[in-house]
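All figures in this text were calculated on a predicted structure; none of them were measured in a lab.
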Amino acid sequence: MTPLVDRFGRVHDYLRVSVTDKCDLRCIYCMPEEGNEWQPNENLLTFGEIERVVRLFATRGVTKVRLTGGEPLVRPHLDHLVRSLREIDGLQTIALTTNATHLDEHVGALRCAGLDEITVSLDTLQPDRFAEITKRNAFAKVWRGIESALEAGFTPLKMNVVLITGVNDDEVLDFVRLAMRGPIVVRFIEYMPFKDNGWSTARLIGYRDVLAEIKSNFDVEQVPALSAGQVAKEYLVNGIGRIGFVTSMTEDFCSSCSRMRLTSDGCVKSCLHDGAEFPLRDLLRAGATDAELESVIEQSLFGKQAKHAGIGELYQIENRTMIQIGG
């Protein structure tokens with residue numbers, strides 16, 4: 001087995017797979033308010049094609065796959081994909097990131113199929129504000145999904161919270177209290193710039209400011225990273241609640257990045273914040289050999305930079321929207 005190692009010696013053992021670019025929410029930081037055009041179904045990789053690509057990545061040392069979107073649960077029969085991925089040798093962890101609007105309906109089937117982890121994206125604990133951020137009135141459905149996931153044994157459940165100045169930054173302590181009440185790890189994510197998502201430095205809240213607010217109200221102790229590729233900086237609050245920070249903007253973690261991405265339309269990306277994409281779909285459908293597919297994957301990896309551009313340049317980079325790339 002030849003591991004996926006880039007020019008800077010980083011070993012890549014984690015693949016994020018977007019199964020759709022469609023979503024039933026319209027979160028303000030994820031997609032433009034207008035002009036969204038979804039991929040036609042024939043452009044999306046089939047489950048069989050996804051399985052083949054994941055199997056190929058697994059032969060090169062990938063041990064974790066995360067299914068994303070869009071909203072992955074708007075794609076029918078996702079549990080079938082999970083079940084097929086579960087059979088791949090070397091794959092240790094299958095995770096899912098979801099907005100939880102359909103989680104209550106599918107969590108049982110996903111658990112039976114072999115899903116290991118769930119992360120829920122939720123940026124407010126206030127129903128009215130949820131409707132403002134997502135343009136949909138679905139807070140109750142999301143909360144039912146969270147409760148169902150906990151009941152099904154997906155603990156600890158991770159919860160991603162994108163903080164935006166003037167939108168939800170007054171709820172930091174409420175989310176911390178939530179983490180202290182149950183088996184939920186709340187992870188505060190710095191607002192990242194993507195095409196037409198309204199990003200500005202004025203709306204970015206650096207993690208150190210958030211951490212300072214939390215420290216002024218609770219006892220906080222940093223927890224050592226479990227692995228070299230761990231993205232979130234994690235802390236224990238009052239000895240019982242666990243929180244984390246994903247600090248892509250103010251303190252990047254590029255030097256230990258172990259991730260690659262597969263978009264829903266079959267492109268390989270080695271960095272979320274780099275516009276470079278390497279298409280696999282047409283090769284798959286033309287009968288490409290594993291060696292030919294591996295060559296494309298290696299090209300993507302070879303082009304990966306030591307780190308992504310700085311805050312001043314990121315919002316100017318030609319890149320697809322977050323929902324088109326995959327969360």
Task: Over 12 foreign heavy atoms within 6.0 Å of CG, Asn137 - done: no
Open item on the list: Is it true that Gln324 and Asp21 share a donor-acceptor pair across their side chains at a distance under 3.5 Å?
Closed with: no
Open item on the list: Looking at His77, I want to see if its NE2 is surrounded by more than 12 non-hydrogen atoms of other residues, nucleotides or ligands under 6.0 Å.
Closed with: no
Open item on the list: Please check this pair: side chain of Arg129 against backbone of Val167, looking for a donor-acceptor N/O pair closer than 3.5 Å.
Closed with: yes
Task: Salt bridge flag under 4.0 Å for residues Asp282 and Arg285 - done: no
Task: Glu117 with Lys64: basic N within carboxylate O range, under 4.0 Å - done: yes
- [ ] If the plane angle is over 60° it's perpendicular, under 30° parallel, otherwise tilted; pick one for Trp143 and Phe139.
- [x] parallel
Task: Short N-O contact, Glu234 and Arg187, less than 4.0 angstrom - done: no
Task: Cation-pi, Tyr207 ring and Lys233 (6.0 angstrom, 45 degrees) - done: yes
Task: Lys/Arg cation over aromatic Tyr14: Arg66, 6.0 Å, 45° cone - done: no
TODO: Examine Leu25 and Leu67 and state if one hydrophobic cluster contains both, with Ile, Leu, Val, Met, Phe, Trp and Tyr joined whenever side-chain heavy atoms are less than 4.5 Å apart.
DONE: yes
- [ ] Flag the pair Glu277 and Arg261 as a salt bridge only when some basic side-chain nitrogen lies within less than 4.0 angstrom of an acidic carboxylate oxygen.
- [x] no
Open item on the list: Main chain of Phe218, side chain of Asn238: is a donor-acceptor contact present, judged purely on distance under 3.5 Å?
Closed with: no
- [ ] Tell me whether the guanidinium CZ or amine NZ of Arg111 lies under 6.0 angstrom from the six-membered ring centre of Phe154 and within 45° of its axis.
- [x] yes
TODO: Evaluate whether atom CD of Glu221 has more than 12 neighbouring non-hydrogen atoms of other residues, nucleotides or ligands under 6.0 angstrom away.
DONE: no
Open item on the list: Given Phe188, which partner from the list Asp169, Val161, Val246 fulfils the side-chain contact (heavy atoms from CB on, under 4.5 Å) test?
Closed with: Val161
